[in-house]
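Worksheet: one structure, shown below.
Chain letters run A, B, ... following the sequence lines, proteins first and then strands; every chain starts at 1. Predicted model only: the values in this text are computed from it and were never measured.
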Amino acid sequence: MAANNAVGIDKEQVFGMAETEMEYRVELFNRLAKTCFSKCVDKRYKENELNMGENSCIDRCVSKYWQVNSMIGQLLSAGGRPPTM
Amino acid sequence: MAANNAVGIDKEQVFGMAETEMEYRVELFNRLAKTCFSKCVDKRYKENELNMGENSCIDRCVSKYWQVNSMIGQLLSAGGRPPTM
Amino acid sequence: MAANNAVGIDKEQVFGMAETEMEYRVELFNRLAKTCFSKCVDKRYKENELNMGENSCIDRCVSKYWQVNSMIGQLLSAGGRPPTM
Amino acid sequence: DGLPEQDQARMASMIEHLQLRDSLRMYNSLVERCFTDCVDNFTRKTLQKQEETCVMRCAEKFLKHSMRVGMRFAELNSQAATPE
Amino acid sequence: DGLPEQDQARMASMIEHLQLRDSLRMYNSLVERCFTDCVDNFTRKTLQKQEETCVMRCAEKFLKHSMRVGMRFAELNSQAATPE
Amino acid sequence: DGLPEQDQARMASMIEHLQLRDSLRMYNSLVERCFTDCVDNFTRKTLQKQEETCVMRCAEKFLKHSMRVGMRFAELNSQAATPE
């Protein structure tokens with residue numbers, strides 16, 4: 001019974017961590033998309049296509065965002081401080 | 001036992017979907033309220049009542065937001081693409 | 001069996017409320033931190049230290065945010081209306 | 001409707017939980033908004049009179065605004081017979 | 001991989017649930033953005049023609065943008081062999 | 001306090017889970033903020049030196065800021081004897 005329970009809790013933790021990890025990735029994607037849209041897309045909406053300038057801006061924006069994400073990830077883990085508050 | 005479990009999962013899904021649906025409505029309401037407050041209410045806060053101009057602005061803002069919500073909902077489902085990423 | 005279930009639900013509610021309470025405090029902290037960062041920290045990032053002016057601005061900002069939080073908490077409970085929508 | 005009693009209780013408890021969570025979030029967002037709009041002077045650590053007035057008016061306006069939006073929202077929701 | 005069938009089903013159901021929740025949030029944020037960028041006139045209660053056009057273009061651009069970002073994001077994710 | 005051992009374990013696990021989730025959110029919001037404040041040139045696909053410097057300073061300032069706010073927040077929390 002106790003063993004049963006222990007296994008139950010562990011499994012909950014595994015699912016919980018998988019969920020947290022996925023939520024993290026989704027949030028990373030959403031913030032990246034929002035930020036690059038603001039930085040790259042003309043808000044006057046004169047057409048419904050992204051033009052060449054917008055497309056290359058987006059590609060570079062994603063690439064730079066990714067770099068910033070890595071840099072800050074390293075800073076947080078280097079500080080001995082895992083990304084906690 | 002297996003049947004029992006299957007039923008268990010289905011019920012979880014029903015509750016999960018009900019929760020997701022409610023969260024969606026709450027978020028729609030909150031974003032609408034935030035947006036219309038920004039568009040319609042004078043931030044100098046000279047009084048604690050909404051004046052007539054603010055009230056009619058709010059009514060129209062809610063109505064237009066609702067329309068935009070429907071339009072985009074149709075676009076998302078028309079694209080063969082249900083509102084997924 | 002029924003009693004067992006009732007206890008089960010009560011316990012869920014206790015854990016659910018504890019979780020909601022913690023989420024509330026975390027959100028309060030995060031909004032406060034974000035707001036005071038915007039109000040007090042120079043976005044040109046000329047150095048990696050907070051200077052004296054920024055530090056005392058942060059202390060006062062936290063103190064004032066806390067006061068606003070209390071004032072609005074009182075308003076919400078005074079309205080006979082507990083902080084519900 | 002056709003739900004067993006136990007499930008109805010669970011659904012009610014879920015709704016209650018979501019409402020509590022939502023009202024706490026609303027509280028947090030109201031504080032952030034009124035603070036952001038009304039407090040800009042950090043030479044003292046306590047609110048000045050006109051900041052207090054501004055915060056109270058902001059909060060009251062926001063609540064009245066929410067109620068009005070809530071009414072309009074409910075009307076539109078009920079007009080949309082089958083919302084999905 | 002090595003998960004029992006029952007757990008695989010649960011994981012799949014969790015992923016599906018998160019995707020549904022995320023797509024509804026995306027829908028909400030898309031509506032807010034296009035409304036904010038395109039609608040500024042509140043002398044009437046229905047959208048005017050040019051507001052409608054603006055909203056549709058905004059939404060289409062946003063979706064195309066999301067797809068492009070999604071592709072780049074997937075490329076970078078796959079390059080990062082061991083992401084943690 | 002009076003909780004059975006099993007429930008204490010569950011509470012501890014819940015707190016740990018919330019802390020992990022919150023720290024990942026903080027990480028995401030830190031990245032967004034420093035990117036937004038420091039990166040504005042999209043003629044190249046890699047960060048330039050001064051962008052890197054800006055990002056690092058921004059992140060360090062944000063962390064120091066969070067710690068300071070955390071200390072003040074804890075003081076105020078402990079002064080408020082019965083917080084509810």
Given 3.5 Å as the limit, does a donor-acceptor pair link the side chain of Arg57(F) with the main chain of Lys46(C), or not? yes
I'd like to verify something: which residue of Lys64(F), Arg68(F), His17(F) has the highest number of heavy-atom pairs under 4.5 Å with chain C? Arg68(F)
Answer with side chain, backbone, both or neither: which region of Cys38(F) has an atom nearer than 4.5 Å to a non-hydrogen atom of chain C? side chain
Please flag which part of Met11(F) lies under 4.5 Å from any non-hydrogen atom of chain C: side chain, backbone, both or neither. both
Cys61(C)/Cys40(C) sulfur atoms closer than 2.5 Å: no
Using non-hydrogen atoms and a 4.5 Å limit, figure out which bit of Leu76(F) sits close to chain C: side chain, backbone, both or neither. both
Using a strict 4.0 Å threshold on nitrogen-to-oxygen distance, state whether Glu47(C) and Lys61(F) make a salt bridge. no
Validation row: Leu30(F), Leu63(F) side chains within 4.5 angstrom (heavy atoms): yes
Close side-chain approach of Val69(F) to Phe37(C), heavy-atom, < 4.5 Å: no
Scored by heavy-atom pairs under 4.5 Å with chain C, the best of Glu60(F), Met56(F), Glu75(F), Arg25(F) is Glu60(F)
Shorter than 4.5 Å, heavy atoms on both sides: which option in Val41(C), Leu50(C), Asp59(C), Leu32(C) has the most such pairs with chain F? Asp59(C)
Cut-off 4.5 Å, heavy atoms of chain F, and the answer for Ile58(C) is side chain
Top contributor to chain F contacts, counting heavy-atom pairs under 4.5 Å, from Glu54(C), Glu49(C), Lys43(C), Glu23(C): Glu49(C)
Distance under 6.0 Å and angle within 45° of the ring axis: does Arg33(F) meet both against Phe62(F)? no
